[in-house]
Amino acid sequence: MTAATVLLPWMSHTRRLRVAVVGAGAAGLCAARHILSRQDTFAPPVVYEQTKQLGGTWVYEERVGSYDNGLPIHSSMYRNLRTNLPKEVMMFPDFPFDPQLPSFLPHQEVLRYLERYCQSHNITPHIRFETVVEEVKPISTETEAGKVTWEVTSSCGQRGQRTETFDGVFICNGHFSDPHWPSIPGLECFKGKLLHSHSYRHPEPFAGQSVVILGAGASGIDISIELASINAQVILSHSKPPLSFPLPRNQASPPSGPTELGLQVRDQLIYPLYKFLLPPTFPSLFIVGVCKVICPFPHFHCQVQFALAVLDGSLALPSHEEMEEEVKREMERKTGEGVEARHLLKMDSDQWAYYRTLASMGGFSPLPPVTQSLYEEVKRQRERHPLRYRQLNYQLVSDTQWEMLELHPES
Ligand code: FAD
């Protein structure tokens, strides 16, 4: 088989396609928004959300440990978190933040933004809250050779379990909720308190204490600054040049049972995922947002539209073998450059070419160039002024230009 010859069996569909979305965080909401805008081809999605609320990461939860129903607390948000990307870069490209707000926002504003996104696209009626997806399983149909449908089994409190069938599934379960504990010899002998940043909420309990923070990623830096401000004695331990940014916070938590999908999960890498998104063997399942060091919302915006082009048949994928080969080549290239397995999903400056490729293959508008140029500028500022970069304010002037405004009065 040559490139662009895999025909998905539902390409000549006569009925609207049913799509399940797992998770009502930013990625799941983005998937729902685009599915709802294509009612000619897609039935309204079913969005499963295990908690009572939309927003995922951006729902601050004072408690640590578990919710009342025993599920682990999902969000790693801390009380004083402000975004590390300006709202002009962070936004979904088709849905700006309130222009009155400063560029770097407290987490509550991001949640408000996602609520507004939902309201504006009428997504909420399609979310099933307090409904946990327990299993996603491919089913071959005997009537149509090669056709796979998906059985999604969910459970919802007293109402119990339910299994439904879909043509496609978006896995948008988030990748920052499963704390990664590095293996450090002798750690078990440490007599003090051990805490993962997933369970850090505010600095007060550490006043006057001496604290070693392992890792100078965005959370490590933020937390060091907070602790130092309440007179904790802080040692920031890391292997990077002084105060380097940004690093991933946690490990990826893949959907359960992926080996059945022909995927391997090891060292925080899910492999092989064509275009970091779909298993070549099952190209109607999309694992959204597994990459690291990205602009998450614009990233979801591109991945979701690419996935819908695959599902509606307007994008003919290469053969299964060709997709696997491409992923393998790319991983070998990076490994050859000395990138460790656990960093293979890091994108950073590679993300721009990736978004352009998705847009050109998927037939949708690429991100405006200003997203890249402002992201690069903020990255420079963050490296130079890690303590002060959030005081700056920006404004988008056009698709290609931004300007820096005077300091925000609250800064
Ligand atoms: P999540 O927001 O985690 O949402 C996943 C949803 O899926 C949750 O609601 C969860 O309850 C639900 N779910 C999971 N499993 C199931 C299941 N089995 N059944 C049903 N529902 C399920 N990004 C930025 O752009 N700017 C920032 O400044 C920034 N700061 C961050 C700070 C912290 C501390 C963290 C952890 C992340 C930060 N991020 C930031 C990245 C952030 O994770 C992304 O912006 C984005 O919100 C991730 O969205 P998501 O939908 O992929 O995942």
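Counting starts at 1 for both ligands and their atoms, following the listed order. Note: hydrogens, waters and symmetry copies are ignored here, and every other heavy atom, side chains too, is used. Since the structure is predicted, the reported quantities are computational estimates derived from the model, not experimental observations.
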Query raised in the report: Which of the atoms in ligand 1, numbered in the order shown and given with their element, are less than 4.0 Å from a heavy-atom of L81?
Result: 32 (C), 34 (C)
Query raised in the report: Does ligand 1 have any atom sitting under 4.0 Å from a heavy atom of T131?
Result: yes
Requested in this report: Could you pull out, from L71, D222, N84, V110, the option with a heavy atom nearest to atom 27 (C) of ligand 1?
Outcome: N84
Report task. Provide the number and element of each atom of ligand 1 under 4.0 Å from a heavy atom of Y48. Result -> 20 (C), 21 (N)
Query - Any G289 heavy atom less than 4.0 Å from ligand 1 - result: no
Query - Atom pair CD/OH of Q303 and Y355 - distance to nearest 0.5 Å - result: 7.5 Å
Query raised in the report: Name the one of P280, C291, P279 that satisfies side-chain contact (heavy atoms from CB on, under 4.5 Å) with L273?
Result: P279
Report summary line: Taking only non-hydrogen atoms of S76 and a 4.0 Å limit, the atoms of ligand 1 in range are 34 (C), 36 (C)
Query raised in the report: Nearest to atom 3 (O) of ligand 1 by heavy atom, K52, E134, H175, H74: which?
Result: H74
Query raised in the report: Do the non-hydrogen side-chain atoms of T124 and F129 ever get within less than 4.5 Å of each other?
Result: yes
Query raised in the report: Mind checking whether A27 has an N or O less than 3.5 Å away from an N or O of ligand 1?
Result: yes
Report task. Return a yes/no value for A26: is any of its N or O atoms, backbone included, closer than 3.5 angstrom to an N or O of ligand 1? Result -> yes
Query raised in the report: Relative to the heavy atoms of T83, which atoms of ligand 1 are at a distance of less than 4.0 Å?
Result: 28 (O)
**Report entry** Within-4.5 Å side-chain heavy-atom neighbours: T163 and K137
**Finding:** no
Query raised in the report: With atoms numbered from 1 as shown, which atoms in ligand 1 lie under 4.0 angstrom from a non-hydrogen atom of C172?
Result: 5 (C), 6 (C), 7 (O)
Query raised in the report: Do Q50 and ligand 1 have an N or O pair less than 3.5 Å apart?
Result: yes
Requested in this report: Hey, can you tell me if Y113 and Y117 have their rings parallel, tilted or perpendicular (30° and 60° cut-offs)?
Outcome: parallel
Requested in this report: Could you list which atoms of ligand 1 come closer than 4.0 Å to a heavy atom of L85?
Outcome: 25 (O)
Query - Ligand-side contact atoms (ligand 1) for residue partner T51, heavy atom cut-off under 4.0 Å - result: 11 (O)
Query raised in the report: Are side-chain heavy atoms of L344 and Y271 found at a separation under 4.5 Å?
Result: no
Query raised in the report: N/O to N/O below 3.5 Å, does that happen between T57 and ligand 1?
Result: yes
Requested in this report: Check whether the side chains of E61 and S75 place a donor and an acceptor atom closer than 3.5 Å, and report yes or no.
Outcome: no
Report task. Using distance alone, with no hydrogens and no angle criterion, decide if E226 and H202 have a side-chain donor and acceptor under 3.5 Å apart. Result -> no
Report task. With side-chain hydrogen bond (donor to acceptor under 3.5 Å, both in side chains) as the test, would you mind laying out the steps for Q119 and E115 before giving the verdict? Result -> CA-CA 6 Å; Q119 209 174 16; E115 287 166 350; over 6 Å; no
Report task. Give the contacting part of V288 toward ligand 1: side chain, backbone, both or neither, where contact means a heavy-atom distance below 4.0 Å. Result -> neither
Requested in this report: State the atoms of ligand 1, each with its element, that fall below the 4.0 Å cut-off from a heavy-atom position in E49.
Outcome: 6 (C), 7 (O), 8 (C), 9 (O), 10 (C), 11 (O), 12 (C), 20 (C), 21 (N)
Query - Taking every non-hydrogen atom, the tightest pair across Q351 and C295 - result: OE1-N, 2.9 Å
Report task. May I ask you to identify, for M90, whether its side chain, its backbone, both or neither come under 4.0 Å of ligand 1 on a heavy-atom basis? Result -> side chain
Report task. Look at the aromatic rings of Y78 and Y200 and report parallel, tilted or perpendicular, splitting at 30° and 60°. Result -> perpendicular
